Asker: 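Mind having a look at this structure? Questions to follow.
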Amino acid sequence: SVIPQHQNSIDFINSLVTNNSHKAITFLEKYNKCPPNYLIIPDTRILVLMDATGSMSDCINNTKNAVGQMFKDIQKVLVQEKVKSIYEVKYVIYRNYNAPIEKLIEWSEWT
C-alpha cells in the first residue's frame, strides 16, 4: 500500500498536470507555511495588442495613455464593487512587414 504522504505527492503532481489550481494551492499551503495571500494566482489576463507600424507613430503615445487610463478605471471599478481580482497584463506589438524579423512581433512577459 502507498503511504499517505506519497499519495498526497502523487495527487499534487496530478493537480498540476490537470491544471487543478485549487487542489495544488491547498497542497502547497498545507506543506509550506507562508503568510496569507502569498500564493496569488491571477484570475484574469489582459492582452494589449499595439500597432507599432510607421504610420502609427503619432498615435503611440495616445495609445499608451489610453491603456494607462484603462487600468486606472479597472482598478477603480474593482475597488467600488469590492471585487478582489488579480490580473496579469501582456503587451504585444507588431511592426511593418519590412522590419527586421526579430522586431516584427515583440511581447512582454505576463506581469
Side-chain angles (χ1 to χ4, degrees):
S1 95
V2 177
I3 60 173
Q5 292 87 351
H6 183 68
Q7 185 60 51
N8 288 343
S9 297
I10 291 170
D11 292 344
F12 172 65
I13 297 297
N14 287 334
S15 70
L16 294 175
V17 169
T18 61
N19 291 324
N20 185 339
S21 61
H22 176 72
K23 193 170 186 177
I25 289 171
T26 301
F27 175 89
L28 290 171
E29 288 175 338
K30 180 178 179 180
Y31 291 99
N32 299 282
K33 299 299 179 196
C34 58
N37 299 326
Y38 182 76
L39 297 171
I40 298 173
I41 296 189
D43 52 18
T44 303
R45 284 185 156 181
I46 300 170
L47 179 66
V48 178
L49 180 62
M50 184 181 280
D51 180 345
T53 57
S55 63
M56 297 303 290
S57 60
D58 292 339
C59 297
I60 290 177
N61 280 335
N62 290 338
T63 302
K64 289 178 186 177
N65 292 336
V67 169
Q69 186 61 50
M70 177 183 74
F71 288 115
K72 288 177 186 175
D73 293 345
I74 289 171
Q75 191 61 37
K76 183 178 175 183
V77 169
L78 292 175
V79 168
Q80 284 175 347
E81 299 297 320
K82 297 181 177 133
V83 174
K84 292 184 179 182
S85 179
I86 304 296
Y87 55 90
E88 288 183 316
V89 180
K90 178 180 273 203
Y91 291 90
V92 177
I93 64 166
Y94 61 93
R95 294 191 173 88
N96 290 347
Y97 66 90
N98 60 347
I101 191 84
E102 65 276 2
K103 296 287 187 179
L104 198 56
I105 298 177
E106 293 185 277
W107 56 89
S108 68
E109 296 297 320
W110 287 106
T111 58

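Values below: all heavy atoms of this structure, side chains included; hydrogens, waters and symmetry mates excluded. In this text the structure is predicted, and so the values were computed from the model without any measurement.
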Asker: Quick one: pull up OG1 in Thr111 and OH in Tyr91 and give me the separation to the nearest 0.5 Å.
Answerer: 7.0 Å

Asker: Should Met70 and Tyr87 be counted in the same cluster of Ile, Leu, Val, Met, Phe, Trp and Tyr side chains packed under 4.5 Å apart?
Answerer: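 In one cluster: yes.
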
Asker: Measuring from atom CD of Gln80 to atom CD of Gln75, what distance do you get when rounded to the nearest 0.5 angstrom?
Answerer: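 It is 11.0 Å, given to the nearest 0.5 Å.
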
Asker: How long is the straight-line distance from CG of Asn96 back to CE of Met56, given to the nearest 0.5 Å?
Answerer: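 Output value for this atom pair is 11.0 Å.
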
Asker: What is the ring orientation for Phe27 with Phe12, classed by angle as parallel under 30°, tilted 30 to 60°, or perpendicular over 60°?
Answerer: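 Rings of Phe27 and Phe12: parallel, as their planes differ by under 30°.
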
Asker: What is the minimum heavy-atom distance between Lys103 and Glu106, and which atoms define it?
Answerer: CD-OE1, 3.6 Å

Asker: State yes or no: do Leu47 and Ile105 share one hydrophobic cluster built from I, L, V, M, F, W and Y residues joined by side-chain heavy-atom distances below 4.5 Å, directly or via other members?
Answerer: yes

Asker: Is the number of heavy atoms from other residues, nucleotides or ligands within 6.0 Å of CH2 (Trp107) greater than 12?
Answerer: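 Not more than 12 within 6.0 Å, no.
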
Asker: If you measure from NZ on Lys90 to CD1 on Ile46, what distance do you get to the nearest 0.5 Å?
Answerer: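 The distance works out to 14.0 Å.
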
Asker: Same hydrophobic cluster for Val89 and Ile74, using side-chain heavy-atom links shorter than 4.5 Å among ILVMFWY?
Answerer: yes

Asker: Measure the OG1-OH distance between Thr53 and Tyr97 for me, rounded to the nearest 0.5 Å.
Answerer: 11.5 Å

Asker: For a quick check under 3.5 Å, do Asn20 and Thr18 share a side-chain donor-acceptor pair by atom type?
Answerer: no

Asker: Atom NZ of Lys23 and atom CG of Leu16: how far apart are they, to the nearest 0.5 Å?
Answerer: 11.0 Å

Asker: Decide yes or no for Tyr94 and Asp51: does some side-chain heavy atom of the first lie under 4.5 Å from some side-chain heavy atom of the second?
Answerer: yes

Asker: Ile93 and Ala52: which non-hydrogen atoms are nearest, and at how many Å?
Answerer: CB-CB, 4.2 Å

Asker: Scan side-chain atoms only and decide if Gln7 and Asp11 contain a donor-acceptor pair under the 3.5 Å cut-off.
Answerer: yes

